[in-house]
Every structure is written in structure tokens, then in C-alpha cells.
Amino acid sequence: MRWRPAVLLPFLLAACAKSDAPSSGKTVVRFLAGPDVGGGAKEVIAEFHQLHPELLIEMVEGPAGTGTREDMYSTSFMGGESTYDIVYMDVVWMPKFAHQGWLRPLDDKFTPEMQAQFLPGDIAGSRYEGKTYRVPVQSDGGLLYYRKDLLEAAGIAPPNTWAELAAAAKKLQNPPEVWGFVFQGKQYEGLVCDFLELVWGNGGTLIDEHGGVHVDDPAAVEALTWLVDAVRKDKISPDGVLTFQEEEARHMFQEGRAVFMRNWPYAWNLAQQDGSPVKGKVGIRPMVHGSGRSPAATLGGWGYGISSFSKNPEAAWTFIEFASSREAQKVAYMKSGIIPTRKALFDDPDIVSKSPHYKELREVLETAKPRPVHPQWARVSDILQVHLSAALSGQKTPEAALKAAADEIRPAMAR
Ligand code: GLC
């Protein structure tokens with residue numbers, strides 16, 4: 001069950017309290033987002049308010065867990081509410097939201113000429129059944145971060161394969177002070193993203209293009225076995241990793257307490273900022289893969305759509321146009337490390353000089369693979385999350401967990 005009233009209530013109350021507030025005669029445009037790590041979104045909104053004093057953008061900073069925010073949007077739309085004008089969406093929510101009729105098509109506003117200025121993967125992730133429902137503002141792909149200094153001092157080359165990572169981690173870790181490998185191990189969407197990279201990186205797939213379910217294929221079982229072993233057998237990951245989302249992993253890595261980390265590109269700028277204990281000591285590379293295979297990254301990313309229930313769609317568009325501009329995306333990168341979606345920013349001199357890792361990053365992003373584009377993805381992901389978690393916590397073997405997941409996913413896909 002995804003509905004968690006105790007978690008949602010404070011955020012819903014905050015949103016309601018705000019909706020009574022404007023006495024200034026301004027048109028209010030509201031959206032729900034995650035915590036604004038680094039402050040980039042607030043700065044973009046402040047700049048927008050300077051240009052458009054007649055509009056008031058209310059960003060509700062919701063919980064970090066993406067599934068919880070998806071539930072909050074869904075609940076509001078199911079009730080036909082106009083609480084949110086803009087829908088700040090993960091790439092995987094869009095097919096479901098569009099399928100339900102909760103989003104306005106944006107094709108008359110976000111023209112093909114405009115779309116051509118964005119990375120193709122981000123545009124593909126914004127279209128459903130021939131229409132565009134999202135303007136992408138954040139590109140994302142999973143990466144392996146490593147402590148360059150520790151590896152160099154030990155004469156160890158950065159790992160390509162799972163086995164190489166585990167061997168290096170065992171050698172360099174010193175638990176509980178310094179752990180070998182941290183990732184997103186909590187029961188939520190992030191865990192599925194991490195798992196998919198291991199499955200793809202082992203030559204497997206979870207769901208093929210015809211809807212065939214391969215969740216319990218040997219390639220997937222091997223991938224999960226490696227991850228479970230990292231926690232339970234090799235002990236290169238702390239038990240606490242089962243509660244980690246992106247930020248918990250980043251904090252541990254940034255504090256100098258992990259040798260390797262799987263995370264999204266946003267963690268780079270934060271690790272490099274002044275005062276960071278690992279500043280200048282971090283390298284990135286594609287995620288490790290199975291022996292004899294190639295690396296893979298899960299394509300992530302965020303963008304803005306307009307709710308079908310919004311009473312202020314024009315004002316919402318005015319903000320979306322600004323927030324997806326070159327200037328705004330540059331602010332979001334400089335402050336929060338949010339990877340742009342506009343191609344031109346990958347050659348921007350200020351960004352490139354701040355980002356020696358940009359070349360590798362662009363390569364990872366251009367080859368990142370989307371999760372299955374399906375209106376039932378949220379359900380499929382929920383099922384996977386439960387069973388992956390049961391394996392990580394030792395309640396089930398990887399094989400039994402994936403068999404159970406496959407048995408539930410097959411009928412869910414057919415719905
Ligand atoms: C990042 C990705 C998003 C993914 C989420 C999982 O925010 O951009 O696509 O679903 O992480 O935690």
C-alpha cells in the first residue's frame with residue numbers, strides 16, 4: 001500500500017495553509033517538489049519573482065522519497081483538486097499521469113523547435129502516445145563515485161566489474177569508520193534504479209519491449225545476489241544502507257566514510273564544495289557491471305507539466321518557460337548540481353570549468369536507459385521494492401524474492 005497518511009498530513013496541511021494566504025492579489029502557482037538541496041530552486045523562483053511581480057510561485061518542499069510525492073500528486077488529482085498547478089515530475093510518473101488525463105498536452109507551447117534544444121533522452125521521456133506532457137529541467141543517470149586518493153595510494157585501478165569493486169572495497173574499508181560501498185538500499189524507487197543498473201550491466205532486462213517479464217531470469221538473480229552479498233556476506237556495505245536514499249548515501253560518502261558510492265550526478269558539486277572533507281578526492285565512472293559485460297545507467301530526470309485541474313495554466317507556463325531557460329538551468333547547476341537538459345549548457349564555459357568530470361558524465365547520460373515506459377510502472381516498482389528489500393534484509397533468498405516478484409508483476413502488467 002503506497003498511501004501513508006501520517007507522512008503526508010504535515011505537507012498537505014502546509015499546502016492548505018498556504019492556499020489561504022495570498023492577500024496581495026497575485027496569481028498563485030503552486031507545485032510540490034523534494035527538499036531544495038543547495039537552494040537552486042529557491043534562487044530560480046526569486047529571480048522569476050523579480051521579473052513577474054504579478055505571480056507568486058509557491059514551491060511546497062515535500063518529502064525526499066519520490067514515491068511519497070507521487071502519491072501526494074495522485075491523491076490530489078484523484079479528488080479533482082486544483083492544489084497543484086505545476087506538476088514537477090519524475091520521468092517515470094509521466095506515462096501514468098498522462099494516461100489518467102491529469103496533464104495538459106504542451107505541444108502548442110513546447111514546439112518541436114524548442115524541443116530540439118534539449119537532450120533527446122529527456123525529450124523521449126516527456127512524450128506519451130504522440131503528445132508532449134513535460135518540459136525536462138533535470139537530466140539524470142546513475143554513476144559510480146570513488147575515492148581517487150584512496151585508490152591511488154593503494155595502487156588500485158578504478159573498478160569496472162562487481163568483483164573488482166568488492167575486492168577494492170574490502171581492501172580499503174575500515175568499518176565502522178569507513179565502509180566500502182554505499183547505495184540506495186531503502187524500499188523505494190531509488191533501490192529499483194540501482195538494481196536495474198546491475199541487471200542491465202549483467203546482460204539482463206526486467207521487462208522487454210513486448211511486456212515480457214524477466215524479473216526472475218538468471219541475469220537478475222545474479223545481480224541481486226551481488227547486492228545482497230555486499231551487505232550480508234562481503235560486508236562492504238553497512239546494515240544501515242537498507243535505510244539509505246540518495247542523501248544518506250551522499251552524506252556518508254561526503255563525510256569521507258565510504259570508498260565507493262552509487263548515486264546520481266547531483267552529488268558531484270556538493271562533494272566538491274568548500275568545506276567538503278572529500279573535495280578534490282573524488283572520481284566518477286560508469287557503474288560497475290558483471291564480468292564480461294558492459295556498464296549501464298538508469299535514466300532519471302525531472303520536468304514540469306501542467307495539471308489538467310489548474311485554474312492558472314497560462315501563469316504556470318510562464319514559470320515553466322523561465323525555469324527551463326538556459327539562465328535558470330545554469331543557476332540550478334551552479335547551486336544544486338542539477339544536471340541541465342539543454343544541450344548548449346554542456347559547452348557552457350562556466351559550467352565546464354567547474355566540472356572537469358563533464359565529458360564522462362555526458363557519455364553516461366547519452367547512453368542511460370529508461371525504465372519501462374508503462375502506465376503500470378508504479379505498481380511494478382512497488383512490487384519489486386518489497387521483494388528486493390526482503391532479500392537485502394535476509395528474509396528471502398535472491399532467487400525466491402525475484403520469483404515472488406515475477407509472479408506478482410505478470411498479472412499487474414496485464415491490467
Ligand atoms: C532521481 C532520478 C529519478 C528517480 C529517483 C529515485 O531523482 O532523477 O528519475 O526515480 O532518483 O530515487
Side-chain angles (χ1 to χ4, degrees), residues 33-38 40-41 62-70 73 87-97 118-128 133-145 183-186 188-201 206-207 244-250 261-270 284 286-287 295-305 324 329 332-333 336-342 345-346 357-358 360-374 377-378 380-381 384-385:
D36 183 20
V37 179
T66 54
T68 314
R69 299 207 304 277
E70 184 189 355
Y73 272 122
V87 190
Y88 185 55
M89 268 178 287
D90 189 344
V91 64
V92 281
W93 305 350
M94 193 275 298
K96 169 179 153 189
F97 286 14
F118 290 72
L119 293 174
D122 292 319
I123 292 297
S126 301
R127 295 180 60 79
Y128 180 69
Y133 290 97
R134 201 182 74 124
V135 178
V137 291
Q138 174 174 3
S139 213
D140 242 350
L143 299 170
L144 181 70
Y145 288 78
F183 60 96
Q184 288 72 53
K186 188 177 167 160
Y188 81 119
E189 180 72 24
L191 170 59
V192 177
C193 295
D194 290 23
F195 175 58
L196 256 175
E197 284 162 4
L198 300 176
V199 176
W200 284 326
L206 291 185
I207 293 167
F244 281 16
Q245 300 187 43
E246 286 80 2
E247 277 293 90
E248 288 80 12
R250 178 182 71 84
M261 166 176 74
R262 185 278 175 199
N263 214 325
W264 306 96
Y266 84 98
W268 171 272
N269 282 16
L270 298 166
I284 60 160
M287 188 56 192
T298 299
L299 177 80
W302 292 80
Y304 292 112
S324 59
Q329 291 202 9
Y333 179 74
S336 298
I338 299 290
I339 301 301
T341 52
R342 285 184 173 270
L345 287 173
F346 283 81
H357 68 309
Y358 236 55
E360 288 100 320
L361 185 59
R362 190 177 182 165
E363 279 163 23
V364 169
L365 291 178
E366 280 174 348
T367 54
K369 285 156 76 103
R371 281 155 277 176
V373 180
H374 197 283
W377 174 253
V380 170
S381 175
L384 275 168
Q385 291 164 30

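No hydrogens, no waters, no symmetry mates; every other heavy atom, side chains included, goes into these values. Numbers here are sequence positions counted from 1.
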Closest approach of [X] to [Y] (non-hydrogen atoms, all atoms of both residues):
X      : Y      : answer
Pro35  : Gly62  : CD-O, 3.5 Å
Ala296 : Trp200 : CB-CB, 3.4 Å
Leu191 : Gly185 : CD2-O, 4.0 Å
Gln245 : Lys186 : NE2-NZ, 3.2 Å
Pro95  : Val373 : CG-CG1, 3.7 Å
Pro340 : Leu119 : O-CD1, 4.2 Å

Ring pair (Phe, Tyr, Trp, His ring centres under 6.0 Å) partners for [X], two or more places apart:
X      : result
Tyr145 : none
Phe183 : Phe181
Tyr88  : Trp302, Tyr304
His357 : Trp268

I'd like to check [X] versus [Y] (side-chain heavy atoms, cut-off strictly below 4.5 Å). Are they in contact?
X      : Y      : value
Leu143 : Glu360 : no
Arg371 : Cys193 : yes
Ile123 : Pro136 : yes
Val137 : Gln329 : yes
Lys96  : Glu70  : yes
Asn269 : Ser336 : no
Arg134 : Val91  : yes

Would Tyr266 and Glu247 satisfy side chain to side chain contact (heavy atoms under 4.5 Å, CB included), going step by step from the backbone distance to the final call? CA-CA 10 Å; Tyr266 84 98; Glu247 277 293 90; 2.7 Å; yes
Can you sort out the partners of [X] under salt bridge (charged side-chain N to carboxylate O under 4.0 Å, His left out), two or more places apart, ordered by chain and number?
X      : answer
Glu363 : Lys359
Arg342 : none
Glu246 : none
Arg262 : Asp194, Glu197

Under the side-chain hydrogen bond (donor to acceptor under 3.5 Å, both in side chains) test, which residues partner [X], sequence neighbours left out?
X      : result
Asn263 : none
Glu248 : none
Tyr128 : His99

Identified side chain to side chain contact (heavy atoms under 4.5 Å, CB included) partner of Met287 from the options Thr298, Leu144, Val364: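 Of the listed residues Thr298, Leu144, Val364, the side chain to side chain contact (heavy atoms under 4.5 Å, CB included) partner of Met287 is Leu144.
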Between [atom1] of [X] and [atom2] of [Y], what distance do you get to the nearest 0.5 Å?
X      : Y      : atom1 : atom2 : result
Phe118 : Ser324 : CZ    : OG    : 4.5 Å
Met89  : Gln138 : CE    : CD    : 13.5 Å
Trp93  : Arg69  : CH2   : CZ    : 5.0 Å
Ile339 : Tyr358 : CD1   : OH    : 4.5 Å
Ile284 : Leu361 : CD1   : CG    : 5.0 Å
Tyr73  : Thr68  : OH    : OG1   : 13.5 Å

Name all residues meeting the side chain to side chain contact (heavy atoms under 4.5 Å, CB included) criterion together with Val380; count only those two or more places apart in sequence or in a different chain, and write none if there are none.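 So Val380 forms a side chain to side chain contact (heavy atoms under 4.5 Å, CB included) with Ile207, Trp377, Leu384, Ile409, Met413.
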Would you check if the side chain of Asp36 reaches a backbone N or O of Ala41 as a donor-acceptor pair within less than 3.5 Å?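 Between the backbone of Ala41 and the side chain of Asp36 there is a qualifying donor-acceptor contact (under 3.5 Å).
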